[in-house]
2 protein chains.
Amino acid sequence: MSVPPDTAASEVKQEGVAIPEQLADRIGFLVAKSHAVCHAMANEALSPLDLHIKEYAVLNVLHGMGAMSQQALGETLGVDRTTMVAVMDALERKRLVERSRNPVDRRAYALAITDDGVDVLRRARRLLTAAERKLLAPLSSAEADQLRDLLRRLILGR
Amino acid sequence: MSVPPDTAASEVKQEGVAIPEQLADRIGFLVAKSHAVCHAMANEALSPLDLHIKEYAVLNVLHGMGAMSQQALGETLGVDRTTMVAVMDALERKRLVERSRNPVDRRAYALAITDDGVDVLRRARRLLTAAERKLLAPLSSAEADQLRDLLRRLILGR
DNA sequence: TATTGTTATACTCTATAACTATA
DNA sequence: TATAGTTATAGAGTATAACAATA
């Protein structure tokens, strides 16, 4: 039987990420690897703020869309309402978000970002923008724009 | 306090995937959404073969690179060796791979894809190619190639 | 002493079911 | 009767630590 081949011969490595050449042409594999890289990058960038990328997304949506319920927030971010509970608990504990009742429907919250939350959001944006710039360094500005455009169209279906 | 706004106004929806516009320009968010779509698509496409996308990756690498150890396979795919055990157990149970000892180093296996494995791999490739074509339908052929190129360069760092 | 494969264990992430308070 | 939020619980998925066999 054959011996394990030298993997270096059939991979391209850099920054700890390897792509088996048999999978290098599959969009799914490339997207999965990209996701791993982006996710790690984002959480590392936000670590000085003691903020997770999912919490950043919450602050972002709350700041941009205004007060809303946990249910609506979960739907917007694509996570279950039961999953939102712990996320909001953490953000409330850090005083970045406030839960008050929606007076029109007292079952639901009117979630709102606090002044501290807005401040952290601003800092997070700067950190993420810098990290994204580093991540996108291998691409020109036009190519980065095109990548965003292609991914958007891939997701939306046309 | 304000009432939850109409979410439809500030999202773009299709095929169940929504993109909050505050995050629509972040590469990380677009990549994460793309990954979710691709992963679901791939596993759905492979379901007739009772094969998971991770098992497909194993068959692909084993077929393309020849016999290798579980350790090396795990490194190639970016998963821990302890995680490989269950994956290989499942593939061996389905008779798609064989574990024989590497005579040069009897601690390690010489993992090999079986004839059945090659057959399943071929069918899986056809299913995935068809699914990928559907997924990439909103893009022209040249754009799909460019997307692959941009993602590869993003991962590799230049 | 180090490494391969294995197991037990734990940790993360997420969803389902059932409860409460409101509607 | 239905919905928002909560809790308990369970299921993936993955990683760490420790062990046996081999180097």
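So that the names make sense, note that chain A is the first sequence line, chain B the second, and so on, each numbered from 1.
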Can you sort out the partners of A/H52 under ring pair (Phe, Tyr, Trp, His ring centres under 6.0 Å), two or more places apart, ordered by chain and number?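 Expected list: none.
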Protein-proximity profile, nucleotides 17-23 of chain D, B/S/- by nucleotide at the 4.0 Å heavy-atom cutoff, equals B---BBS
For [X], which residues count as a side-chain hydrogen bond (donor to acceptor under 3.5 Å, both in side chains) partner, sequence neighbours excluded?
X      : value
A/S47  : none
A/H35  : B/H35
B/R125 : B/N60

Requested in this report: Walking along DNA chain C from 5' to 3', note the first and the last nucleotide with an atom under 4.0 Å from a heavy atom of chain A, and give both.
Outcome: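 Going 5' to 3' along DNA chain C, contacts run C/dT14 to C/dA23.
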Mind jotting down which residue pairs meet the salt bridge (Lys or Arg N to Asp or Glu O under 4.0 Å) criterion with at least one end in [range]? Sequence neighbours excluded, please.
range                       : result
residues 127-144 of chain B : A/R26-B/E132, A/R153-B/E143, B/E132-B/R148
residues 106-116 of chain B : B/D105-B/R107
residues 40-60 of chain A   : A/E55-A/K94

Polar atom pairs between nucleotides 11-14 of chain D and protein, under 3.5 Å, N or O only, would you list them?
unit_1: D/dT14; atom_1: OP1; unit_2: B/K54; atom_2: NZ; d: 2.4
unit_1: D/dT14; atom_1: OP2; unit_2: B/K54; atom_2: NZ; d: 2.7

For A/R99, check salt bridge (charged side-chain N to carboxylate O under 4.0 Å, His left out) against everything at least two apart and list the hits.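 Checked A/R99 against salt bridge (charged side-chain N to carboxylate O under 4.0 Å, His left out); matches are A/D89, A/E92.
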A/M88 CE to D/dT6 P, in whole Å, measures 9 Å
Taken to the nearest whole Å, CE/B/M84 to C1'/D/dA15 is 15 Å
Open item on the list: A/R123: which residues meet the side-chain contact (heavy atoms from CB on, under 4.5 Å) condition with it, sequence neighbours left out?
Closed with: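 Testing A/R123 for side-chain contact (heavy atoms from CB on, under 4.5 Å), a comparison that skips the adjacent residues, returns A/L49, A/D119, A/R126.
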Q. Just by modelled atom types, is the B/L30 backbone N or O under 3.5 Å from a matching donor or acceptor in the B/S34 side chain?
A.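 Here the side-chain-to-backbone pair exists.
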